[in-house]
Amino acid sequence: MAEKQGALAAYRLADDIQKYLKFTGPVPLLLVNKIKTVPAVVPKKIGTAQASQYYDQALTVTGKVAQVTVRPTITFINLDQPGTSSPFTAVIFKENISLFGDVQKLKGQDVEISGTITEYHDKPQIVLESTNQVKVVTGSK
């Protein structure tokens, strides 16, 4: 019954559209889409410049720690560039900073930051809540 009512409503709507457009003759049917789309493959690791293309996805972002800023309630780890010119930031909130020890030791290191990429002030970031989200991929400086 519902299918019949839905079909009837569709025909009535088509008639109204035909009248509105002043279209005479039969309404052409749409062609069946035969193009097969291949789902995009999401890489597991990306560079900092690509991070803004993957908001709300869990990935690993690679880069060199350019700056570490420790404030009373938050810590910022900027990759590849210091300050506001950094293309990507890892963020540690006050309640988790004790897990990470001396984060200043990360400065100058090549790292992999894993987690869900979020957007804050038009820039990509990952909030760090555990130490397994940060991996140093070069030796000590």
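Thr62 pairs by the side chain to side chain donor-acceptor pair (under 3.5 Å) definition with nothing, not counting sequence neighbours. With sequence neighbours left out, Lys135 forms a side chain to side chain contact (heavy atoms under 4.5 Å, CB included) with Glu112, Val137. Residues satisfying the side chain to side chain contact (heavy atoms under 4.5 Å, CB included) criterion with Ile46, sequence neighbours excluded, are Pro43, Gln50, Ala51, Tyr54, Leu59, Val61, Ile117. Residues meeting the side chain to side chain donor-acceptor pair (under 3.5 Å) test with Ser114, sequence neighbours left out: Thr60. Remark: Asn132 engages Ser130 in a side chain to side chain contact (heavy atoms under 4.5 Å, CB included) (not counting sequence neighbours).
Ile97 contributes atom CD1, which lies 3.5 Å from atom OG1 of Thr75 (distance to the nearest 0.5 angstrom). With rounding to the nearest 0.5 angstrom, the OH atom of Tyr55 is 4.0 Å from the CD atom of Glu119. How far OG1 of Thr116 is from CD of Gln125: 11.5 Å, rounded to the nearest 0.5 Å. Interatomic distance, OG1 of Thr131 versus CZ of Phe100, reported as 6.0 Å (0.5 Å rounding). Between the CD atom in Gln133 and the CG atom in Leu128 there is a gap of 5.0 Å [rounded to 0.5 Å].
Residues Gln109 and Lys105 come closest through the heavy atom pair CG-O, 3.7 Å.
As a member of the Ile/Leu/Val/Met/Phe/Trp/Tyr network built from side-chain separations under 4.5 Å, Met1 groups with nothing else and remains a singleton. Applying the under-4.5 Å side-chain rule to Ile, Leu, Val, Met, Phe, Trp and Tyr, the cluster around Phe76 extends to Ile74, Val91, Phe93, Val127. Connectivity analysis of hydrophobic side chains (ILVMFWY, heavy atoms under 4.5 Å, direct or indirect) links Leu8 to nothing; its cluster partners are none.
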Pairs under 3.5 angstrom only: tabulate donor-acceptor contacts from the side chains of residues 82-90 to other protein residues two or more places apart or in another chain.
unit_1	atom_1	unit_2	atom_2	d
Ser85	OG	Pro82	O	2.9
Ser86	OG	Leu79	N	3.4
Ser86	OG	Leu79	O	3.0
Ser86	OG	Gln81	O	3.3
Ser86	OG	Phe88	N	3.4
Ser86	OG	Phe88	O	2.7
Thr89	OG1	Asn78	OD1	2.7

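Other residues, nucleotides and ligands contribute over 12 non-hydrogen atoms within 6.0 Å of the CD atom of Glu95.
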